[in-house]
Amino acid sequence: MAEPATDFIRQQIDRDLAKPDGSREVITRFPPEPNGYLHIGHAKSICLNFGIAEEYGGHAYLRFDDTNPLAESDEYVEAIERDVAWLGFDVSGRVTFASGYFEALYECALELIRKGKAFVCSLSQAEIRATRGTLTEPGTNSPYRDRTADENQDLFARMRASEFPDGTHVLRARIDMASPNLNMRDPVLYRIRHAAHHNVGEAWVIYPTYDFTHCICDALENITHSLCTLEFEDHRPLYDWVLDNLSLNARPQQIEFSRLGLEHTVMSKRLLQRLVDEGVVDGWDDPRLPTLAGLRRRGVTPGAIRDFCRRAGVTKQDNQLEVELLEFCVRSDLEDSTPRALGVVKPLKVRLTNHPGSEETLEAPWHQRRPEMGTRRLPFGPELYIDRDDFTFSPPPKWKRLSPGAHVRLRYAYIIRCDEVVTGADGEISELRCAYLPDSRSGSDTSGVKPAGVIHWVAAHAAEPVQLRLYDRLFRVRNPKGGSLIDDVNPASLVTASGFLEPAAATGGKTHFQFERVGYFHRDPVLHRTFNRIASLRDSWRPATAPKCA
RNA sequence: UGGGGUGUCGCCAAGCGGUAAGGCACCGGGUUUUGAUCCCGGCAUACGCAGGUUCGAAUCCUGCCACCCCAGCCA
C-alpha cells in the first residue's frame, strides 16, 4: 500500500541533495496561524512536511505563525497540536512560535534599516493603498522613503517603545514602487498594534508581517525546504529579497504546491465559520465538516487521511478530488481493522411462529477473516428485528433478500421462511411471521435448503436501542460557493434513525464497527448510544428494472 | 489590459525527445453465509488549440485559447 511517493518537490530535494556543495539534511516546517481549526487541506501539508522530513532522515517543526495578535489564541494552538498528533506525527520538542523570534526579527529589521533597505513610513493606511498603483500602473514613492538611517532607527525604536498609536507609522521595505509584482512595492514589514498577544502578552506593540517573518523564521530554524501553497508564489521574490539583504547564514528555499480541493464541501475558514455561525452544522467538530475535528468525530481514521493525501499527490495543478476517493480510503483502512456487528437501521419485527420461545445464545466471530479478534455472544430468540429494506412484497429478479414464501439466512444463525405479512391499519407492514429451520444453524446446517441470501438481524429481547446518524455529503453541489452556500446544503446531509444493535457491540469499549451489510460506524464520543456512519458499504446491487442513477 | 502560475481518461496523477504508468470512479466476469471484501478482465491512436523543429514530440520552439492567484498595516 505504501508506495514511495515521488513528486516534483521530492525530486527537487533529490537534486538539492545531489549537489556536491549542497546541504545533506532536510528540514521542513508546518506553519499554521493559530486562528482556526485544521482541516483536511492542512492534512496534506502536514503529511508533506512531516512525511518528507521522515523520509529523508531530517525533522519537521510545527511552527505557529502568530504575528497577528488580533486573530490568534491559545485555544487554537492547543487544538492544532492535538490534531497534528492525532494524524500520527510526533511534534514533541519541535513546536515553535514565530513570536518566539520577535527579538531576532527586530534585530533583522534594524539591519535592513542600517543598510538603507527599510524605512519608517508615516503615510496612513489609505494613503499607502492609494500610492501602491494598480495591476497595470506603477505606484509612487512614499514621501518618507528617503529618511536617513538614523532617523529611521530612531523612529522604529520609538515605535517599539510604544510612543505612537496604531496606524501612525509602519516599517516598509525599500524595494521598487514600479515593480510589476505588487508584493515588491515597498511592502509593510512592521505595524503598530497595541493588543495583547496570546503568547507574548504585552511585551510588544509592533508586530512583524508574514512576509518579513516567515523567511527569517525559516532561516533561523535552518529550514531547507519551505513548502507552501500556490498563492504564495508571488511572495517568493520578497522572501528571497529579505534573506538576500540580511546576514543570516541559512538559505531556505520556498517551493509552492497546490492546495487540496475536495468536492461537495468547503475548505475556506470564512465559509466554514459561516456554517458554524448560522447553525447549519453543530460546531467545528460536526462530522459533516472537513475539519480534522469533524472527521475524527465522524470516525475517519488518521490512517485513512494519510492514505488519501498520499493518493492525492502533490503538484501545482488546481484540483478538486472526488469524495469517492476519501470514502475508498476510509473503507480500505477499516475493512481489515474493524470488528463486525449486527445493527438494524429501520427495524421490522419478525416473529418466528415455530420457535419454542426459549432464548438461545449463538457465537459469532468479530471478524470472519481475522479469528484473532475473537468472538462475541449473539442472543437469538422468537422475536427479531430485520431491516425493512430487506423485505419486499414483490421481489425484482435476482432479489437476494426476504419476500413472501422465500428463504433467507439470518447471518450467523438460522434460515427463515416468510409465511405471513401482517399489515397495520395504515397499510404499513407491521410484522412478518416466519418459520425458522431448527436444523439450519450456521456451521451445522443439515437442512439442505439453499436460501436466497443472507440478511442481518437483532434479537428483540436483547436489542439495544441506538441512534444512528447517517451522514452524507454536506453540499449537493460539487463546488459550493459563498453566494448560495446555504441553499446548496444537502437537506439529507444528516438523517437520524432509531435502530437496534446487538448487545456485545452496544456495550463494551469498541469504538469502530462495520455493521454488516450497512456500513462503517463510530461510537460518538459525546452523545450516548449514538453511532455515526463513517461511510456506507459499497453497493453494486441494482434492480434490473430500475437502474441506479449517479 | 501588468505580473505570477496551470492545462495528459469522469476525478486525481506518472511521464523529463523514442512511440500514453498507476489509483479512484465506471463496466464485465469469478469466489463468497456481508449484493461487502478478495480475484481476474475492460476502460486516452491520444496529451488545451494551431503551426514549426526532428527519422521520431505529451515532452523542444512559436503563436493563440482557457482557468487559477496578486492591488491587507491577514496569513
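Keep in mind that this is a model prediction, so the values were computed, not measured. Reminder, nothing fancy here: chain letters follow the sequence lines and each chain counts from 1. Hydrogens, waters and symmetry mates are skipped; everything else that's a heavy atom, side chains included, is used.
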Asks: For A:T315, is there any backbone N or O sitting under 3.5 Å from a side-chain donor or acceptor partner on A:S258?
Replies: yes
Asks: Between C1' on B:rU34 and CZ on A:R411, what's the gap in Å once rounded to a whole number?
Replies: 5 Å
Asks: Please collect all salt bridge (charged side-chain N to carboxylate O under 4.0 Å, His left out) contacts where either partner lies in residues 168-179 of chain A, sequence neighbours excluded, each pair once.
Replies: A:D146-A:R174
Asks: When rounded to the nearest 0.5 angstrom, what is the spacing between OG1 in A:T301 and CZ in A:F308?
Replies: 12.5 Å
Asks: Using the P atom as the reference point in each nucleotide, state the distance between B:rG48 and B:rG10 in Å, no decimals.
Replies: 13 Å
Asks: Could you let me know what B:rU6 is paired to, Watson-Crick or G-U wobble, both distances under 3.5 Å, or none if it's on its own?
Replies: B:rA66
Asks: Salt-bridged, A:D166 to A:R193, with N to O below 4.0 Å?
Replies: no
Asks: Pairing check on B:rA44: which nucleotide meets the Watson-Crick or G-U wobble criteria with it, both distances under 3.5 Å?
Replies: none
Asks: Considering all heavy atoms of both residues, which atom of A:H512 and which atom of A:T338 are nearest to each other, and what is their separation?
Replies: CB-OG1, 3.5 Å
Asks: Given the structure, check if the side chain of A:Q514 and the base of B:rU34 hold any donor-acceptor pair shorter than 3.5 Å.
Replies: yes
Asks: If we take the P atom in both B:rC60 and B:rC74, what is their distance in whole Å?
Replies: 41 Å
Asks: For atom P, what is the distance between B:rC70 and B:rA36, given to the nearest Å?
Replies: 46 Å
Asks: Is the glycosidic angle of B:rG72 within 90° of 0, making it syn, or outside that range, making it anti?
Replies: syn
Asks: Suppose you measure atom C1' in B:rG15 against the same atom in B:rU19; what distance do you get, rounded to whole Å?
Replies: 13 Å
Asks: Below 3.5 Å, does any donor atom in the side chain of A:E322 face an acceptor in the base of B:rG10, or the other way round?
Replies: yes
Asks: Tell me the interatomic distance from A:F328, atom CZ, to B:rA36, atom C1', rounded to whole angstroms.
Replies: 13 Å
Asks: Is the shortest side-chain N to carboxylate O distance from A:E335 to A:R340 below 4.0 Å?
Replies: yes
Asks: Between B:rU8 and A:Q317, is there an OP1 or OP2 to side-chain N/O distance shorter than 4.0 Å?
Replies: yes
Asks: Partner lookup for B:rA71, please. Criteria are Watson-Crick or G-U wobble with both distances under 3.5 angstrom; report none if nothing qualifies.
Replies: none
Asks: Where the side chain of A:R517 is concerned, which of B:rG35, B:rU6, B:rA36 is the nearest nucleotide?
Replies: B:rG35
Asks: Looking at A:R401 and B:rG35, is any side-chain donor or acceptor paired with a base atom of the opposite kind under 3.5 Å?
Replies: yes
Asks: At under 4.0 Å between heavy atoms, what does A:R538 touch on the DNA or RNA strands: base, sugar-phosphate, or nothing?
Replies: sugar-phosphate
Asks: If I pick the C1' atom on B:rG4 and the same atom on B:rG42, what distance separates them, to the nearest angstrom?
Replies: 43 Å
Asks: Tell me if the side-chain of A:S442 makes a donor-acceptor pair with the base of B:rU33, cut-off 3.5 Å, by modelled atom types.
Replies: yes
Asks: When you measure only distances, ignoring hydrogens and angles, does the side chain of A:R340 come within 3.5 Å of the base of B:rU34 through a donor and an acceptor?
Replies: yes
Asks: How far does the P atom of B:rA20 sit from the matching atom of B:rA58, given to the nearest Å?
Replies: 9 Å
Asks: A:D539 has a side chain; which of B:rU37, B:rG35, B:rG2 sits nearest to it?
Replies: B:rG35
Asks: Does B:rA36 have OP1 or OP2 sitting under 4.0 Å from an N or O in the side chain of A:S540?
Replies: yes
Asks: When rounded to the nearest Å, what value does the distance between C1' atoms of B:rC24 and B:rC43 take?
Replies: 13 Å
Asks: Across the strands shown, which category fits A:G453 at heavy-atom distances under 4.0 angstrom: base, sugar-phosphate, nothing?
Replies: nothing
Asks: Let me have a per-nucleotide readout for nucleotides 68-75 of chain B, 5' to 3', with B, S or -, counting only protein heavy atoms under 4.0 Å.
Replies: SBBBSBSB
Asks: Considering only residues two or more places apart or on different chains, which pairs with a residue in residues 319-340 of chain A satisfy ring pair (Phe, Tyr, Trp, His ring centres under 6.0 Å)?
Replies: none
Asks: Does A:Q11 put a side-chain nitrogen or oxygen below 4.0 Å from OP1 or OP2 of B:rG15?
Replies: yes
Asks: Within this structure, what is the CD-OG distance for the pair A:Q514 and A:S337, rounded to the nearest 0.5 Å?
Replies: 10.5 Å
Asks: Once rounded to the nearest 0.5 Å, what's the spacing between atom CG of A:D83 and atom NE2 of A:H39?
Replies: 11.5 Å
Asks: Just call it for A:K400: base, sugar-phosphate, or nothing, with non-hydrogen atoms closer than 4.0 Å on any strand.
Replies: base
Asks: Could you measure between the two P atoms, the one in B:rC55 and the one in B:rA44, and give it in whole Å?
Replies: 31 Å
Asks: Remember a base hit wins even if backbone is also touched, and classify A:T315 as base, sugar-phosphate or nothing at under 4.0 Å, heavy atoms.
Replies: sugar-phosphate
